[in-house]
Participant: 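Here it is, the structure in full.
Chain naming here is simple, since letters A, B, ... match the order of the sequence lines and numbering starts at 1 in each. Computed from a predicted model, the values in this text were never measured in an experiment.
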Amino acid sequence: MDILENLNKEQIEAVKHIDGPLLVLAGAGSGKTKVLTTRIAYLISLGVSPDNILAITFTNKAAGEMKERISKLVGFSSKFMQISTFHSFGLKIVKENYEYLGYDKNFVIFDADDTLTIIKKILKDKNLDPEKFNPRAIRSQISKLKNDLIDSKKYSSFSLTEFEKVVLEVYKKYESELIKNNSLDFDDLLILPIKLFEQRKDLLLMYQERYKYILIDEYQDTNEAQYKLTKLLASKYKNICCVGDADQAIYGFRGANYKNILNFESDYKNALVIKLEENYRSSKTILDAANSVIKNNKNRKSKNLYSNLGIGDKITYYRANSGLDEVKYVVNKIKELKDNLVSLSDIVILYRTNAQSRVFEDGLMKAGIPYKIVGGLNFYSRMEIKNLLAYLRLICNSNDNVSLERIINVPRRGIGTKTISNLYDKSYLFNVSLYDAIDSGKELVFKNMIEELKSIKDTMSLVEFIDLVLDKSGLRKELVDEKTLEADIRLENLEEFKSVAKSFEDEMGVVSLDDFLLNVSLITDNNDFKEDNNAVSLMTIHAVKGLEFDYVFVVGLEEGLFPHQNSMFSEEELEEERRLCYVAITRCKKKLYLSNARMRLMYGSEQVYPISRFINEIDANLLENESKVVKYDEKNKKIDYNDSSEKIDVKSKYGDDEMNYKVGDLVYHEVFGMGTITNIILNEKDPKKTLLKIAFKLPYGIKTLIYSHKSLRKV
DNA sequence: CCATAATTCTTTTTT
DNA sequence: AGAATTATGG
């Protein structure tokens with residue numbers, strides 16, 4: 001059969017094992033997407049109906065790519081197959097059963113911003129100090145609980161600390177607020193289907209019959225809720241194929257449990273396990289580097305990933321003097337590649353945190369090199385887009401208090417805090433939404449405008465309607481009148497949003513506003529709609545998972561940044577950072593560039609970080625060091641960096657016997673506990689007043705302390 | 001109520 | 001450093 005052409009023995013075995021559970025342990029670059037797509041094509045060639053297939057991927061991008069590849073293989077559109085992320089799939093189930101789940105037809109999805117707004121409001125209502133109880137921390141705790149399938153009722157039976165008691169109190173209110181607003185959060189998209197299936201065996205059976213063949217990608221990154229959902233669906237036919245690699249588990253912070261992959265065989269009796277160990281992506285040098293890093297993880301099953309693609313180029317390493325110097329280096333290298341006719345779309349810059357993208361954007365822009373940022377601060381979180389979306393959501397769902405409060409005075413209509421607080425009082429008194437509480441004043445004018453839009457929304461196309469909303473609301477006029485460059489950009493973004501709506505309409509046929517809104521909430525990346533083929537990609541390492549590039553730059557390899565300082569306290573988290581590094585390296589097909597900076601500007605001040613341990617874990621003979629040897633004078637300061645340890649050693653500089661701290665050292669503080677030194681601020685005049693910046697565990701965070709403080713000691 | 005000034009975060013990673 | 005939130009005075 002020709003769809004099996006170009007597959008190796010193990011891959012073919014994985015494709016052909018149709019009946020019963022199958023676990024594919026697929027090392028990086030071993031062709032797992034190929035296996036998944038071919039497997040689906042194979043199922044169809046055997047006569048399995050496309051709508052009996054459910055394939056779950058990790059990102060929308062991966063889902064799109066898979067659909068495309070399958071269409072090519074089977075020769076017809078893949079739109080009859082359910083290929084999506086867990087969350088999109090969950091949304092589909094919720095949409096089909098909203099009534100039973102207790103929601104109104106026009107429910108909306110609240111994003112992270114919206115949920116944060118709700119949590120802040122709850123804290124305020126309960127007179128809880130947000131300084132003491134960080135709303136973000138509460139949000140992430142609630143999210144974690146939800147993904148562990150612990151609702152507030154269950155949580156109340158736990159023994160709780162003071163903070164957790166507050167979380168519980170907020171959690172209870174949060175649950176009821178979401179329902180009151182006729183809204184779901186992201187986590188509900190996983191939880192509600194589970195709830196549905198547990199309560200309604202008849203419906204579960206129906207879905208089990210519908211999805212007889214289940215494929216799950218990136219199984220190592222499934223959390224408890226996703227695991228449960230999968231298990232419920234697969235429990236009847238057990239035709240489940242999970243693909244994953246424990247070395248690439250990088251979502252532990254979100255509750256993912258890579259042990260799901262280790263437990264597969266005990267979860268599914270008679271499971272077949274197939275290992276894919278030949279890497280078809282990277283040169284031997286790159287693979288050796290990846291292996292030499294990952295082997296430092298103690299909690300790991302060793303495996304034997306190999307490549308037959310030849311030695312390839314050495315890995316280039318550059319230690320810059322500053323963050324800007326690092327940018328300059330990377331930009332110059334990219335220019336060189338471009339001159340050698342390398343397509344920009346084959347180049348990616350990878351970083352640990354989104355905040356790092358900015359300097360690279362700047363540098364590329366100045367150099368006139370086109371680039372695109374994948375993920376990050378996304379399109380939909382821009383103010384003008386959020387405002388427009390809030391209008392659209394309120395039009396669909398008048399219970400949405402969050403959206404109403406956001407836009408009732410945007411543009412300015414002279415409706416202020418007092419009016420809103422009156423509305424809240426009224427809404428509590430009569431137990432109605434803010435919207436329904438409106439009955440007079442300027443706010444009634446607003447309400448009438450929304451009512452008018454409501455009544456005509458179904459008489460025209462999506463794009464026409466959005467245009468109308470922009471006009472009637474005054475959003476467009478406000479920006480046009482502003483006549484600033486910034487306002488022009490915002491207007492452009494609104495146009496861009498319209499074209500997103502247009503392509504959505506074109507792709508899906510006629511769609512309702514409700515449908516559009518639900519789908520928009522799950523799109524995190526505008527690039528899903530726009531392919532830019534001649535641009536360097538910039539993204540976090542988390543975002544690059546599953547992708548590959550010829551030329552890969554991994555930047556910011558410094559202790560404290562990568563591995564991130566928040567991860568340096570626990571062995572577990574540190575190992576996750578190392579897996580992240582493994583993922584970064586294994587994206588590369590041809591040439592890998594690693595870099596860092598001796599010093600960089602962060603939070604508006606200079607930070608000095610030592611070389612990342614991951615660099616030191618790579619076999620030195622795989623690296624080609626392009627760092628400049630630096631010995632220079634600047635403002636009477638002699639800096640000698642040509643030192644292998646490169647740690648600032650205060651003792652050697654000042655001959656102070658008591659002081660012997662280095663960046664990266666672990667210290668113990670009587671109040672804050674264990675911490676890591678992230679920066680040493682030397683006091684030239686009075687060495688006794690040298691300050692240490694130390695990262696302590698939350699809730700303490702980064703503290704600046706005088707080194708000689710009596711409660712501080714080295715460990 | 002709103003414009004401006006002052007202050008206080010922000011940075012881990014995401015569907 | 002820059003954004004975002006809050007305080008102040010008109």
Participant: Where the side chain of A:Thr85 is concerned, which of B:dT15, B:dT11, B:dT14 is the nearest nucleotide?
Facilitator: B:dT15

Participant: Mind checking which stems touch DNA chain C? I mean at least 3 consecutive Watson-Crick or G-U pairs, both distances under 3.5 Å.
Facilitator: B:1-10 with C:1-10

Participant: Hey, do the aromatic rings of A:Phe110 and A:Phe186 have their centres closer than 6.0 Å?
Facilitator: no

Participant: Check nucleotides 2-4 of chain B against the protein and report each pair of N or O atoms closer than 3.5 Å, with its distance, or say if there are none.
Facilitator:
{"unit_1": "B:dC2", "atom_1": "OP1", "unit_2": "A:Gly414", "atom_2": "N", "d": "3.2"}
{"unit_1": "B:dC2", "atom_1": "OP2", "unit_2": "A:Asn409", "atom_2": "ND2", "d": "3.2"}
{"unit_1": "B:dA3", "atom_1": "OP2", "unit_2": "A:Arg412", "atom_2": "NH1", "d": "2.6"}

Participant: Just to be sure I understand the rule, does A:Ser88 reach a base, reach only the sugar-phosphate, or reach nothing, if contact means heavy atoms closer than 4.0 Å?
Facilitator: nothing

Participant: Stacking check: are the rings of A:Phe253 and B:dT13 less than 5.5 Å apart at their centres and under 30 degrees in tilt?
Facilitator: yes

Participant: Considering only B:dC1, B:dT15, B:dT13, which nucleotide approaches the side chain of A:Thr419 most closely?
Facilitator: B:dC1

Participant: Please give, in whole Å, the distance from B:dT15 P to A:Leu192 CG?
Facilitator: 20 Å

Participant: Does the ring pair (Phe, Tyr, Trp, His ring centres under 6.0 Å) test come out yes or no for A:Phe562 and A:Tyr351, once each step is laid out?
Facilitator: CA-CA 8 Å; A:Phe562 189 25; A:Tyr351 34 79; over 10 Å; no

Participant: From CD of A:Gln356 over to C1' of B:dT10, roughly how many Å is that when rounded to an integer?
Facilitator: 14 Å

Participant: Tell me yes or no: between the side chains of A:Tyr258 and A:Asp247, is some donor less than 3.5 Å from an acceptor?
Facilitator: no

Participant: Between A:His542 and A:Phe253, does the ring centre distance come in under 6.0 Å?
Facilitator: yes

Participant: Scan the side chains in residues 88-95 of chain A for donor-acceptor partners under 3.5 Å anywhere in the protein, sequence neighbours excluded, and list what turns up.
Facilitator:
{"unit_1": "A:Ser88", "atom_1": "OG", "unit_2": "A:Thr85", "atom_2": "OG1", "d": "3.0"}
{"unit_1": "A:Lys95", "atom_1": "NZ", "unit_2": "A:Asp515", "atom_2": "OD1", "d": "3.2"}

Participant: Looking at A:Asn354, does any N or O in its side chain come under 4.0 Å of the phosphate oxygens OP1/OP2 on B:dT14?
Facilitator: yes

Participant: Indicate, with yes or no, if the rings of A:Tyr211 and A:Phe197 have centres closer together than 6.0 Å.
Facilitator: no

Participant: Separation of A:Leu561 atom CG from B:dT10 atom P, in whole Å?
Facilitator: 18 Å

Participant: Taking C:dA4 as the reference, what is the distance to B:dT11 when you measure between their P atoms (whole Å, please)?
Facilitator: 10 Å

Participant: Taking the side chain of A:His542 as heavy atoms from C-beta outward, which of B:dT15, B:dT13, B:dT11 is closest to it?
Facilitator: B:dT13

Participant: Are any of the side-chain nitrogens in A:Arg393 or A:Asp114 under 4.0 Å away from the carboxylate oxygens of its partner?
Facilitator: yes

Participant: If a protein heavy atom is under 4.0 Å from the base, mark B; if only from the sugar-phosphate, S; if neither, -; do that for nucleotides 1-10 of chain C going 5' to 3'.
Facilitator: BS--------

Participant: How is A:Ser84 classified with respect to the nucleic acid when contacts are heavy atoms under 4.0 Å: base, sugar-phosphate, or nothing?
Facilitator: nothing

Participant: Rounded to whole Å, how long is the line connecting atom CG of A:Leu116 with atom P of B:dT10?
Facilitator: 10 Å

Participant: Report the distance from atom CZ of A:Arg579 to atom P of B:dT13, rounded to the nearest whole Å.
Facilitator: 18 Å

Participant: What residues, two or more places apart in sequence or in another chain, satisfy salt bridge (charged side-chain N to carboxylate O under 4.0 Å, His left out) together with A:Lys126?
Facilitator: A:Glu169

Participant: Give one of base, sugar-phosphate or nothing for A:Tyr251, where a contact means two heavy atoms less than 4.0 Å apart.
Facilitator: sugar-phosphate

Participant: Under the salt bridge (charged side-chain N to carboxylate O under 4.0 Å, His left out) test, which residues partner A:Glu575, sequence neighbours left out?
Facilitator: none

Participant: Check whether any side-chain N or O of A:Thr59 sits under 4.0 Å from OP1 or OP2 of B:dT14, and answer yes or no.
Facilitator: no

Participant: Could you tell me the separation between the CD atom of A:Gln607 and the C1' atom of B:dT10, rounded to a whole number of Å?
Facilitator: 13 Å

